[in-house]
Amino acid sequence: MKLNVAVVGATGLVGRTMLKVLEERNFPINKLYLYASKRSKGKKMLYNNTEYTIIELTDENIANDIDIALFSAGADTSRVFAPKFVKKGAIVIDNSSCFRMDKDKELIVPEVNKNRIPEKGIIANPNCSTITVMPALKFLRDAYGLKRVVYSTYQSVSGAGKKGLEDLENNLQGLPSQKFDDKIAFNLIPYIDKFLDSGYTKEEQKMIDESRKILELPNLKVTATCVRVPVRYSHGVSVNVELEKDFKLEEVIEGLKNTEGVIVEVGKYPMPIYVEGKDETYVGRIRRDSSVEYGLNMWIVADNIRKGAATNAVQIAQEILKKKEE
């Protein structure tokens with residue numbers, strides 16, 4: 001079976017990676033529609049050795065025969081256009097924050113909750129840092145129960161898109177930042193996104209809320225501190241977990257090794273520069289936290305543009321294809 005696929009925001013960092021992952025995974029495409037803003041209209045892009053012309057994203061340009069639409073064009077664009085694609089018959093997989101916490105929208109990480117993928121409507125792709133930790137936490141939830149989770153993130157500049165990458169390069173040449181509020185080269189910026197009245201940032205609150213929703217634990221105790229670091233690609237997350245019952249460390253490590261989408265590094269540790277370009281989440285520094293009962297520490301890294309965004313969306317599309325073929 002071949003499907004008609006649209007990529008909305010095709011010229012952006014994540015949009016281009018979506019196309020790369022679709023090609024790598026030989027996703028069976030009949031027709032491919034590439035949408036972007038007016039400034040990209042008419043530009044050419046290569047996919048699978050075929051040249052495609054960028055279509056301006058307007059109401060009248062939405063095709064009637066799209067099966068799956070992968071959105072990565074920002075929350076404002078998704079809010080306006082995702083429902084219009086659905087009305088034309090497409091299933092939308094949206095990478096923005098727009099629909100993640102809607103009660104009637106599923107928030108999907110295939111390794112965790114692919115059973116919740118709907119047959120129509122809008123599916124939300126979680127925040128990149130949330131995706132990074134979910135496969136490992138799903139195993140711990142199922143095996144031991146989760147009582148409390150503490151996240152400390154080390155998020156690469158590509159999480160802020162092309163402009164974030166440009167700021168790092170410009171800073172290294174002595175030029176000021178345009179995207180970030182401060183210099184990022186040789187620096188850490190201890191907040192991501194806007195501050196809320198609580199003192200948390202929107203990024204931190206996203207991780208808290210999305211973790212509860214994906215893991216189906218609405219009362220889970222979760223806290224987060226999100227930090228921007230001078231790394232090009234891949235987010236690292238220090239995860240401190242308090243479990244509901246005791247565990248043997250060797251059994252935790254073995255269980256994580258057998259968890260879909262997880263690669264465990266024992267005796268060494270995952271680092272962003274080596275995880276870049278990979279589709280799995282890498283787990284290391286697994287050790288007991290003796291300061292609390294049943295405590296565990298982990299260090300988890302994933303490529304934020306791939307598994308944290310594009311790959312996760314394509315994996316959802318692959319699951320939709322499986323359902324259609326059954």
Side-chain angles (χ1 to χ4, degrees), residues 7 9-27 45-47 70 72 95 109-111 125-136 151-173 177 179-180 184-189 192 203 207 226-239 256-257 259-286 298-316 318:
V7 176
T11 59
L13 192 58
V14 173
R16 289 177 182 274
T17 308
M18 285 175 170
L19 290 167
K20 185 177 180 181
V21 176
L22 285 167
E23 187 171 342
E24 288 172 355
R25 294 182 173 229
N26 296 313
F27 193 88
M45 288 185 72
L46 273 179
Y47 175 81
L70 302 172
S72 188
N95 193 56
V109 179
E111 295 92 338
N125 217 31
N127 176 276
C128 46
S129 292
T130 308
I131 292 173
T132 297
V133 300
M134 281 299 105
Y151 298 128
S152 299
T153 75
Y154 302 74
Q155 297 181 222
S156 64
V157 295
S158 57
K162 290 179 180 178
K163 292 182 179 178
L165 287 162
E166 288 169 1
D167 270 6
L168 178 57
E169 295 301 323
N170 288 337
N171 286 174
L172 290 171
Q173 298 175 43
S177 295
K179 174 66 176 178
F180 301 122
I184 185 60
F186 312 110
N187 192 26
L188 302 175
I189 300 176
I192 295 174
E203 184 81 0
M207 287 197 75
C226 294
V227 181
R228 187 74 70 192
V229 300
V231 170
R232 285 174 55 81
Y233 294 98
S234 302
H235 291 351
V237 187
S238 170
V239 185
L256 287 168
K257 284 182 178 179
T259 297
E260 183 184 0
V262 171
I263 293 178
V264 175
E265 297 199 339
V266 179
K268 54 181 181 176
Y269 35 82
M271 291 185 284
I273 198 168
Y274 301 120
V275 171
E276 181 182 332
K278 308 290 179 57
D279 286 332
E280 298 80 15
T281 61
Y282 286 71
V283 184
R285 299 294 318 278
I286 305 166
M298 299 179 294
W299 169 247
I300 307 180
V301 184
D303 186 317
N304 56 297
I305 301 299
R306 289 186 68 101
K307 180 54 186 169
T311 298
N312 198 75
V314 173
Q315 286 176 310
I316 295 170
Q318 289 179 303

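In this structure, Ile184 and Lys179 have side chains that are not in contact, with every pair of non-hydrogen atoms separated by 4.5 Å or more. Between Leu22 and Leu70 the shortest side-chain heavy-atom distance falls below 4.5 Å. Lys257 has its side chain out of reach of Val262: every pair of non-hydrogen atoms, C-beta onward, lies at least 4.5 Å apart. Taking 4.5 Å as the limit, every side-chain heavy atom of Phe27 sits out of range of all side-chain heavy atoms of Leu19. In this structure, Ser234 and Ile273 have side chains that are not in contact, with every pair of non-hydrogen atoms separated by 4.5 Å or more. The shortest distance between side-chain heavy atoms of Leu165 and Tyr233 falls below 4.5 Å. Looking only at side-chain heavy atoms (C-beta outward), Val283 and Ile263 stay at 4.5 Å or farther from each other. Residues Asn187 and Pro230 fail the side-chain proximity criterion, which asks for heavy atoms closer than 4.5 Å.
Between Val229 and Val157, the shortest heavy-atom distance links the atoms O-CG1, 3.6 Å. Residues Thr130 and Met207 come closest through the heavy atom pair OG1-CA, 3.6 Å. Pairing each heavy atom of Glu203 with each of Cys226, the nearest pair is CG-SG, 3.7 Å. Here the closest heavy-atom approach between residue Ile131 and residue Gly308 is recorded as CD1-O, 3.4 Å. Between Arg25 and Val314, the shortest heavy-atom contact is CD-CG1, 4.1 Å. Shortest non-hydrogen contact noted between Ile300 and Ala136 is CD1-CB, 3.9 Å.
A donor-acceptor contact under 3.5 angstrom links the side chains of Gln155 and Ser129, judged on distance only. With 3.5 Å as the limit, one finds a donor-acceptor pair spanning the side chains of Ser156 and Asn304. No side-chain N or O of Ser177 forms a donor-acceptor pair with one of Asn170 less than 3.5 Å apart.
No salt bridge links Asp303 with Lys278; every basic N to acidic carboxylate O contact stays at or beyond 4.0 Å. Note on Arg228 versus Asp167: no salt bridge recorded, every NZ/NE/NH1/NH2 to OD/OE distance being 4.0 Å or above. Residues Glu276 and Arg306 are not paired through a salt bridge, judged by the lack of any N-O separation under 4.0 Å between the basic side chain and the carboxylate.
Here the OG1-OH distance, from Thr132 to Tyr151, works out to 10.0 Å after rounding to the nearest 0.5 Å. Rounded to the nearest 0.5 angstrom, Arg232 CZ and Ile305 CD1 are separated by 10.5 Å. The CZ atom of Phe180 sits 10.5 Å away from atom CD of Glu166, with the distance rounded to the nearest 0.5 Å. Here Lys20 contributes atom NZ and Arg16 contributes atom CZ; the two are 12.0 Å apart, rounded to the nearest 0.5 Å. In this structure, Tyr282 OH and Lys268 NZ are separated by 9.0 Å, a value rounded to the nearest 0.5 Å.
Within 6.0 Å of atom NZ in Lys163, 12 or fewer heavy atoms from other residues, nucleotides or ligands are found, so the atom counts as exposed in its surroundings. Remark: Tyr269 OH is loosely packed, at most 12 non-hydrogen atoms of other residues, nucleotides or ligands lying under 6.0 Å away. The local environment of CG in Leu172 is crowded, with over 12 non-hydrogen atoms from other residues, nucleotides or ligands closer than 6.0 Å.
A distance-only check finds no donor-acceptor pair linking the side chain of Trp299 to the backbone of Ile286 [under 3.5 Å]. No donor-acceptor pair under 3.5 Å is formed between the side chain of Ser152 and the backbone N or O of Ser238. Formation of a donor-acceptor pair under 3.5 Å by the Asn95 side chain with backbone atoms of Asn125 is not found in this model.
Partner of Lys307 under the side chain to side chain donor-acceptor pair (under 3.5 Å) criterion, chosen from His235, Glu280, Gln315: Gln315.
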Does the pair Val237 and Tyr154 meet the rule for a side chain to side chain contact (heavy atoms under 4.5 Å, CB included), with working shown? CA-CA 6 Å; Val237 187; Tyr154 302 74; over 6 Å; no
Test log, rule salt bridge (Lys or Arg N to Asp or Glu O under 4.0 Å), inputs Glu265 and Arg285: CA-CA 8 Å; Glu265 297 199 339; Arg285 299 294 318 278; over 6 Å; no
